[in-house]
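Here's the structure we're looking at; comments come further down.
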Amino acid sequence: ALPISIGFTVMVVLMSPSLTFLFAIVVLITQTFQRWRQTRINLNSNVVGQQEAKTLAVVTNTIQRSALIRLFDCSDFVLIKLDQCAERSISSAANLNFAIHSNAAVGSGTTNCLFV
């Protein structure tokens, strides 16, 4: 496979050096952007995991202390906290989903632009 790719590269350079240089620049920019986006996706993935763990901790804590919640009649406060935790968890998951799909779209789009 290596001799074929070297032969293809030499052929393209001989056909049009400026076009080859342009392709190389576009590929370099695309790959740099993809690398940066992958780092951001990994960070978002960690945030989603942390949010889900916090939500699970709040739910577990609420279940364990359900008698106290009823005794002191603070169910509204607990429900608001549960709602806030769930909202943050859903928002983090949606941001991660958007980042993954936008990364795939950008990669696919630039590849199509290069080879079409």
Side-chain angles (χ1 to χ4, degrees):
L2 185 62
I4 294 172
S5 62
I6 292 172
F8 179 76
T9 303
V10 169
M11 181 186 71
V12 171
V13 168
L14 291 176
M15 287 174 55
S16 175
S18 60
L19 187 60
T20 304
F21 181 70
L22 177 67
F23 278 175
I25 294 296
V26 170
V27 168
L28 178 69
I29 290 170
T30 303
Q31 291 301 314
T32 304
F33 178 74
Q34 293 286 74
R35 179 81 157 196
W36 176 76
R37 290 293 297 164
Q38 188 63 39
T39 303
R40 297 291 299 157
I41 287 173
N42 289 340
L43 291 176
N44 286 346
S45 179
N46 293 340
V47 169
V48 169
Q50 291 170 355
Q51 287 299 101
E52 289 175 350
K54 286 179 186 177
T55 303
L56 181 61
V58 169
V59 168
T60 304
N61 197 8
T62 302
I63 291 170
Q64 289 175 344
R65 290 170 174 67
S66 61
L68 288 174
I69 292 170
R70 275 184 272 145
L71 179 67
F72 291 107
D73 195 28
C74 58
S75 60
D76 291 338
F77 174 76
V78 172
L79 288 175
I80 289 171
K81 286 294 182 187
L82 279 171
D83 187 44
Q84 289 172 348
C85 280
E87 187 176 314
R88 282 192 300 266
S89 182
I90 291 169
S91 175
S92 296
N95 288 340
L96 177 63
N97 192 25
F98 176 76
I100 289 170
H101 289 288
S102 65
N103 192 26
V106 167
S108 176
T110 52
T111 302
N112 286 341
C113 286
L114 280 174
F115 294 114
V116 172

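Source: prediction; values computed, not measured.
Scanning all heavy atoms of the two residues, the minimum distance from S92 to V48 falls at O-CG2, 3.2 Å. Between T62 and V58 the shortest heavy-atom distance is OG1-O, 2.7 Å.
A distance of 11.0 Å separates CG in N44 from CZ in F98, rounded to the nearest 0.5 Å. Rounded to the nearest 0.5 Å, atoms CG (N46) and CG (N42) are 7.0 Å apart. To the nearest 0.5 Å, atom CD of residue E52 and atom CD1 of residue I90 are 10.0 Å apart. Distance OG1/T20 to CD1/I25: 11.5 Å, rounded to 0.5 Å. Taking CG of L96 as the start and CD of Q51 as the end, the distance is 12.5 Å to the nearest 0.5 Å. The CG atom of N103 lies 12.5 Å from the CZ atom of R35; values are rounded to the nearest 0.5 Å.
V26 and L19 fall within a single hydrophobic cluster, where Ile, Leu, Val, Met, Phe, Trp and Tyr are joined by side-chain heavy atoms under 4.5 Å apart, directly or via other members. V78 and L68 fall into different hydrophobic clusters, where Ile, Leu, Val, Met, Phe, Trp and Tyr side chains are chained together by heavy-atom contacts under 4.5 Å. Hydrophobic clustering (ILVMFWY, side-chain heavy atoms < 4.5 Å, transitive): F33 and V27 are in distinct clusters. Cluster annotation: F21 is connected to I29 through the hydrophobic network of ILVMFWY side chains, with a link wherever side-chain heavy atoms come within less than 4.5 Å. V47 and I100 sit in two unconnected hydrophobic clusters of ILVMFWY residues. Membership requires side-chain heavy atoms under 4.5 Å apart, directly or through other members.
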Determine all donor-acceptor pairs shorter than 3.5 Å in which one atom belongs to a side chain in residues 79-86; sequence neighbours excluded.
none

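Under the 3.5 Å distance criterion, the side-chain polar atoms of S91 are left unmatched by any main-chain donor or acceptor of E87. Panel note: side chain S108, backbone A104; no donor-acceptor pair is recorded below 3.5 Å. No donor-acceptor pair under 3.5 Å is formed between the side chain of S45 and the backbone N or O of I41.
Counting Ile, Leu, Val, Met, Phe, Trp and Tyr side chains that sit under 4.5 Å apart, directly or through other members, M11 shares a hydrophobic cluster with F8, V12, M15.
Applying the side chain to side chain donor-acceptor pair (under 3.5 Å) test to S102 and every residue at least two apart in sequence or in another chain returns R37. With sequence neighbours excluded, the residues satisfying side chain to side chain donor-acceptor pair (under 3.5 Å) with N97 are H101. Shown here are the side chain to side chain donor-acceptor pair (under 3.5 Å) partners of N61, two or more places apart in sequence or in another chain: R65. When the side chain to side chain donor-acceptor pair (under 3.5 Å) test is applied to R40, no partner is found at least two apart in sequence or on another chain.
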